[in-house]
Amino acid sequence: MTNDVEDLQDTYPGAGTFRFGDGPELCQHLIALVRKGKKRATCGALSEFDGDPESMPVVGRCDIAANWDGTPALVIRTTGVEEVRFCDVTEEMALAEGEDDTLLAWRKSHKAYFKRNGGFDPEMMLVFEHFELVEDLAGREL
C-alpha cells in the first residue's frame, strides 16, 4: 500500500482500493466519466469476489478508485448494491454506468469485457454497485 493510500485511510477508515476497467486507457476513461458526473454505477462478475469477499462493495462505505498506476484518483461512497444476472440488467442500470447510450450497447461492450476477463455467460451473476463521488483527488496534496 502506498503512503498516499495510507493517508487516505485516516480520512476514510476501512476504505478499499480498486481500479475501474481492465487496462490503463479504459481506467482513465471511466475515471473521467465519474468526474463528469456521468458514471454513477459499476459492475463486476460476482465470481471476482470469491477469493476476496472483503472487496465486495458495502452500502455506506467509501472506497478509493485508483489510477492504473495505483495512485489514488477518486473517493466514492456506495449507495446501493445488488446481485443481478447479466441478462436481467435493466436499461436504467446500464445507463447509470455512463459508458453507453443504450442497453444494447452496454450489453455488447460488457460482454466483450467479461470475455476478456475470465468468461461470459448471459446468466452470469454480477455485483452491481451504485455510488456517489465523495472526493476528486486530482491535485490534492496527500
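Everything numeric here is computed off the predicted structure, so don't read it as measured data.
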Using a 3.5 Å distance criterion without hydrogens, assess whether the side chain of [X] forms a donor-acceptor pair with backbone atoms of [Y].
X: K39; Y: A41; answer: yes
X: N67; Y: D69; answer: no
X: Q9; Y: A15; answer: yes

Any idea which heavy atoms bring [X] and [Y] closest together, and the distance?
X: R77; Y: G60; result: CG-O, 3.7 Å
X: C43; Y: E97; result: SG-OE2, 3.2 Å
X: D100; Y: S109; result: OD2-OG, 2.9 Å
X: L126; Y: A45; result: CD2-CA, 4.1 Å
X: S55; Y: R61; result: O-NH2, 3.9 Å
X: G98; Y: L33; result: O-CD1, 3.4 Å

Starting from [Y], can I reach [X] by hopping between I/L/V/M/F/W/Y residues whose side chains sit under 4.5 Å apart?
X: I76; Y: Y12; answer: no
X: M56; Y: M125; answer: yes
X: M93; Y: V34; answer: yes
X: F114; Y: L46; answer: no
X: I64; Y: W68; answer: no

Discussion item. Any heavy-atom pair between the side chains of L137 and L8 that's under 4.5 Å?
Written reply: yes
Could you measure the distance from the [atom1] atom of [X] to the [atom2] atom of [Y]? Nearest 0.5 Å is fine.
X: L74; Y: D63; atom1: CG; atom2: CG; result: 11.5 Å
X: T102; Y: L95; atom1: OG1; atom2: CG; result: 7.5 Å
X: D121; Y: K115; atom1: CG; atom2: NZ; result: 11.0 Å
X: C87; Y: R107; atom1: SG; atom2: CZ; result: 7.5 Å
X: F18; Y: E129; atom1: CZ; atom2: CD; result: 6.0 Å
X: N117; Y: E48; atom1: CG; atom2: CD; result: 7.0 Å

Worksheet item: Crowded around E25 CD? As in, over 12 foreign heavy atoms under 6.0 Å?
Response: no
Fill in: side-chain contact (heavy atoms from CB on, under 4.5 Å) between V127 and V81, worked out
CA-CA 7 Å; V127 175; V81 178; 3.9 Å; yes
Discussion item. Once salt bridge (charged side-chain N to carboxylate O under 4.0 Å, His left out) is applied, do any residues pair with D88, and if so which ones, sequence neighbours excluded?
Written reply: R85
Item to complete: Indicate whether any N or O donor in one side chain lies under 3.5 Å from an N or O acceptor in the other, for T79 and E132.
Response: no
Discussion item. Angle between ring planes, F128 versus W106, binned at 30° and 60°: parallel, tilted or perpendicular?
Written reply: tilted
Worksheet item: What orientation do F20 and F131 show, parallel under 30°, tilted 30 to 60°, or perpendicular over 60°?
Response: tilted
